[in-house]
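To keep things clear, I will list the structure first and then write my remarks on it.
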Amino acid sequence: MVNVYVITGPTASGKTKVAIELAKKLGGEIVSCDSMQIYKKMDIGSAKPTEDELNEVKHHLIGVIEPTENFTVAKYQSMALDAIDDIVSRGKIPIVAGGTGLYLNALLFDMDFAARPDNSKRRNELEAMTGETLYEYLKEIDMEATNRIHKNNTKKVIRAIEAAELGNKVKPLNDCKDRCGLYNFKLYALNWDREKLYERINTRVDKLIELGLVEEVRNLFKEGLNCENISMKGIGYKEIIEHIEGGLTLEEAVYLIKRNTRRFAKRQITWFKRYEDMTWIDVDEPMSANDIVEKIL
RNA sequence: GGCGACAUAGCCAAGUAGUAAGGCAGAAGUCUGCAAAACUUCCAUUCCCCAGUUCAAAUCUGGGUGUCGCCU
């Protein structure tokens, strides 16, 4: 069975460098598991690997989607599985790297996204309904789903209704088989002391600004992208757009980017805690990517 | 030295006698099609200290301490 290495962890934990080092040692190729780095033209804000890093080792699923496209997990799932199979077929080792939890689930588990409801009309109708009514309706058509979905979580309530109406109820993850019969996933998460991680995040945000994040967002904005686009809901993009539109000073936007990134990192950690077979690697400042790779191998 | 204002959580802050709002920051979680999303829960047994009035005080009274402002 094929080994598939997975390098994950919260944002700013150093996944990129570790994955590259590991790939060099194993003769592997990297499959990104990142919902923002997958877009083109979003290099600074999504903290993509640098040009040099991308040339060091072959990367898949970085900068391949137009920011105007409504990309979703379902597409990610098929593209990533294709990439893994492609790598394996060429006798190389796939290394999945990134911190998007749902995308990782779509790889580890056989989540079925086949029956996509393409029904923007229906969605508009549902979005026009009030929360109470929606939840009552969901109770009627999929009682089981209401046990897992809080009534205030309108997005998920609507999704569950759409699925149930098409006779394809949203399944809890527990009902999905894992893919361990096909691949031997080796899961690693980089773990920092919380305060140090937060410091790294704060400095990284300052650095992204120095590198020209505002300019990058301004260019996307000129191309007609706005907060309606999925790609522009990424941290760093939505705040700078608000700054460009005049709602926020740059200082306020930077403050919010830092705070939102910290919160995001915390949620990522919560997510990764759920994987029972995850190996947590404690990381601290003087350690190099090489030191960490040695802990893995 | 005199006069005045203020003192509530890590920070900002409401409440002016009926048993501590809210926001920020923080923590713990949820998760099958926007996931860098969306959502949930937790976070002051006590209001600077002491005494008094009252059935009841963060709230009223007196004293102390501290901070700020103005005056000399």
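A note on names: the letters A, B, ... follow the listed sequences, proteins ahead of strands, and every chain is numbered from 1.
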Exercise. Any donor-acceptor pair under 3.5 Å linking the side chain of A:K15 with the backbone of A:G9?
Worked result: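 Side chain of A:K15 to backbone of A:G9, a donor-acceptor pair under 3.5 Å: yes, one is there.
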
For this session: Would you check if the side chain of A:T11 reaches a backbone N or O of A:A265 as a donor-acceptor pair within less than 3.5 Å?
Result: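 It does not hold such a pair.
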
Considering every strand and a 4.0 Å limit on heavy-atom distances, what is the contact class for [X]: base, sugar-phosphate, or nothing?
{"X": "A:G236", "answer": "nothing"}
{"X": "A:Y103", "answer": "sugar-phosphate"}
{"X": "A:N260", "answer": "nothing"}
{"X": "A:R267", "answer": "base"}
{"X": "A:S46", "answer": "base"}
{"X": "A:S35", "answer": "base"}

Exercise. Over how many whole Å does the gap from A:L256 atom CG to B:rG23 atom P extend?
Worked result: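 These atoms are roughly 16 Å apart.
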
Exercise. Between B:rA36 atom C1' and A:E242 atom CD, what is the distance in whole Å?
Worked result: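 Taking atom C1' of B:rA36 as the reference, CD of A:E242 is at 16 Å.
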
For this session: Using both pair distances under 3.5 Å as the test, note the stems of at least 3 consecutive Watson-Crick or G-U pairs that include RNA chain B.
Result: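 Consecutive-pair runs (3 or more) involving RNA chain B: B:1-7 with B:65-71, B:10-12 with B:22-24, B:26-30 with B:38-42, B:48-52 with B:60-64.
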
Exercise. Taking for each residue the nucleotide of RNA chain B bearing the nearest heavy atom, is the 5' side occupied by A:R194 or by A:N152?
Worked result: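 The residue closer to the strand's 5' end, by nearest nucleotide, is A:R194.
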
For this session: Just compare B:rC34, B:rA37, B:rU30 and give me whichever is closest to any side-chain atom of A:R123.
Result: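 Shortest atom-to-atom distance from the side chain points to B:rC34.
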
Exercise. Does the side chain of A:K151 get closer than 4.0 angstrom to OP1 or OP2 of B:rC39 through an N or O atom?
Worked result: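 Indeed not, no polar side-chain atom of A:K151 lies that close.
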
